[in-house]
Amino acid sequence: MGSKRPKRSEIDRLSVKSLDEQFVREIQTGLNCSPFESEAVLSVVREVFAPLFGTDPKAAPPGTMSVIAVDVDEPAGKPLAQCRKRTIS
């Protein structure tokens, strides 16, 4: 006998196959994080690495190169780790 909600179970299975869901599941099982914590980690990863993955709407178009550099407004002598960085094309 088939499922009472075949469409819903198909959607549930497909959502598990996305990269986001795979990442969240790996964080939860590998690091023993809660769903809330794993979603927070995912959002930070998206924020930091989106320009490099090409999923950022501000990313450079094909044929150009993106570089992460220290913001021009940062003062001299400040440690690089504490400086604000910008993506430049």
- Task: List the atom of S38, the atom of P35, and the distance in Å for their closest heavy-atom pair.
- Result: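 Nearest pair, atom of S38 first, then P35: OG-O, 2.9 Å.
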- So which heavy atom on E39 is nearest to which on V24, and how close?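 Looks like OE2-CG2, 3.6 Å.
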- Message: For the CZ atom of R46 and the CG atom of D20, what is their distance to the nearest 0.5 Å?
- Response: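 Output value for this atom pair is 4.0 Å.
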- Query: In this structure, which one of I68, D71, V72, D73 forms a side-chain contact (heavy atoms from CB on, under 4.5 Å) with R86?
  - Reply: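 Considering I68, D71, V72, D73, a side-chain contact (heavy atoms from CB on, under 4.5 Å) with R86 is found only for D71.
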- F36, L31: one ILVMFWY side-chain cluster at the under-4.5 Å cut-off?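 F36 does not cluster with L31.
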- Task: Examine distances only and state if a side-chain atom of E74 and a backbone atom of R84 form a donor-acceptor pair shorter than 3.5 Å.
- Result: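 Side chain of E74 to backbone of R84: a pair is present.
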- Task: Would you check if I27 and L42 make a side-chain contact, meaning some heavy-atom pair closer than 4.5 Å?
- Result: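 Of all side-chain heavy-atom pairs linking L42 with I27, none is under 4.5 Å.
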- Query: Any side-chain heavy-atom pair from V41 and E37 closer than 4.5 angstrom?
  - Reply: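 No - every pair of side-chain heavy atoms lies 4.5 Å or more apart.
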